[in-house]
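Read through the structure below, which is laid out as structure tokens, and then see the notes.
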Amino acid sequence: MNDRTALVTGANKGIGKHIAGQLAAEGFTVYVGSRDVGRGQRAVEQIDGDARLLVLDVTDTHSITEAAAQVDRLDVLVNNAGISVSLTPPTESDVEEFRRTYETNVFAVVEVTNAFLPALRRSPHPRIVNISSGTGSVTWSTNPNPQFTPGNGGAAAYRSSKAALNALTVFYAQTLAEEGFKVNALAPGLRATELNPLATTAGGDPADAARGAVRLTLLPDEGPTGGFFSWDGTPVPW
Ligand code: NDP
């Protein structure tokens, strides 16, 4: 066990796997969160360093409780697990798309974060990074994706879930500021992962996004909290 420990949720593939690998390279003991044992174990085997499988379905209270019981002290929590089930505007969305999306992208972040707070409070410099999305910004005009430009209501369930996650990032940062926590949100940019067909076909290298997340896990005590940053470190408007 290294001096510093980190948990990345949804780390069996995509951006999360890169974040876990890069944190292991930084010298962390990394808990690779995965709801599937086989997929999680394969990811662990591909990471150089001290990586350990932590079976964790972020939408399952029992799974969260079991996982939290296995972690004594945690320095870094990366809430990365996320889903994108539809690219439709609200007028064409089924409310079930919203419920499913919010279960993973919003409610689960609250339940996972709260379950791991006791372990995070044992860290001298606790850091929480929420993997959000630039598409969750309601004002950002430089987003290159036509579906997601403010003024176009595409991917409403996903984008509003990330807007809610951004708000929660601020509220956690405010609540935990006096305990020395840094809580920030990351806009990883469009990345080639299995998140949705758009990401798969048009996305860039997920390793670059992971570097942005790792930067936020390594913030010094005088660093920002309650912020929303692009993968390259520039602030993103809410
Ligand atoms: P992937 O689909 O490649 O990875 C998503 C990960 O989340 C998988 O490991 C998946 O596990 C996991 N996951 C989903 N639901 C659960 C659950 N209930 N419990 C545990 N794990 C779960 O997508 P990305 O790597 O792209 O996504 C990572 C994050 O980045 C997400 O929050 C996404 O919204 C965000 N993001 C991605 C962008 C992109 O362009 N790719 C752009 C902006 C933001 P499993 O294999 O079991 O399904």
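Whatever order the structure lists them in is the order used to number ligands and atoms, beginning at 1.
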Exercise for the section: With sequence neighbours left out, write down each residue that passes ring-ring contact (aromatic ring centres under 6.0 Å, His included) with Phe28, or none if nothing qualifies. Expected result: none

Solution key, residues 198-206 side-chain donor-acceptor pairs under 3.5 Å, sequence neighbours excluded:
{"from": "Thr200", "atom 1": "OG1", "to": "Thr193", "atom 2": "O", "distance (Å)": "2.8"}
{"from": "Thr200", "atom 1": "OG1", "to": "Asn196", "atom 2": "O", "distance (Å)": "2.9"}
{"from": "Thr201", "atom 1": "OG1", "to": "Pro197", "atom 2": "O", "distance (Å)": "2.9"}
{"from": "Thr201", "atom 1": "OG1", "to": "Leu198", "atom 2": "O", "distance (Å)": "3.4"}
{"from": "Asp205", "atom 1": "OD1", "to": "Ala207", "atom 2": "N", "distance (Å)": "2.9"}

Problem - Minimal non-hydrogen separation, Val236 against Phe229, with atom names - result: CG2-C, 3.8 Å

Practice task
Using only heavy-atom distances, determine whether the side chains of Thr88 and Ser93 contain a donor-acceptor pair under 3.5 Å.
Solution key: yes

Practice task
Taking only heavy atoms of the protein into account, state which residues are under 4.0 angstrom from an atom of ligand 1, in chain and number order.
Solution key: Gly10, Asn12, Lys13, Gly14, Ile15, Arg35, Arg39, Leu56, Asp57, Val58, Thr59, Asn80, Ala81, Gly82, Ile83, Thr104, Ile131, Ser132, Ser133, Tyr158, Lys162, Pro188, Gly189, Leu190, Arg191, Thr193, Glu194, Leu195, Ala199

Exercise for the section: Using the test side chain to side chain contact (heavy atoms under 4.5 Å, CB included), find all partners of Glu179 that sit at least two apart in sequence or belong to another chain. Expected result: Arg121, Leu176, Phe181

Practice task
Mark yes or no for whether Ser84, through its side chain, and Leu195, through its backbone, hold a donor-acceptor pair below 3.5 Å.
Solution key: no

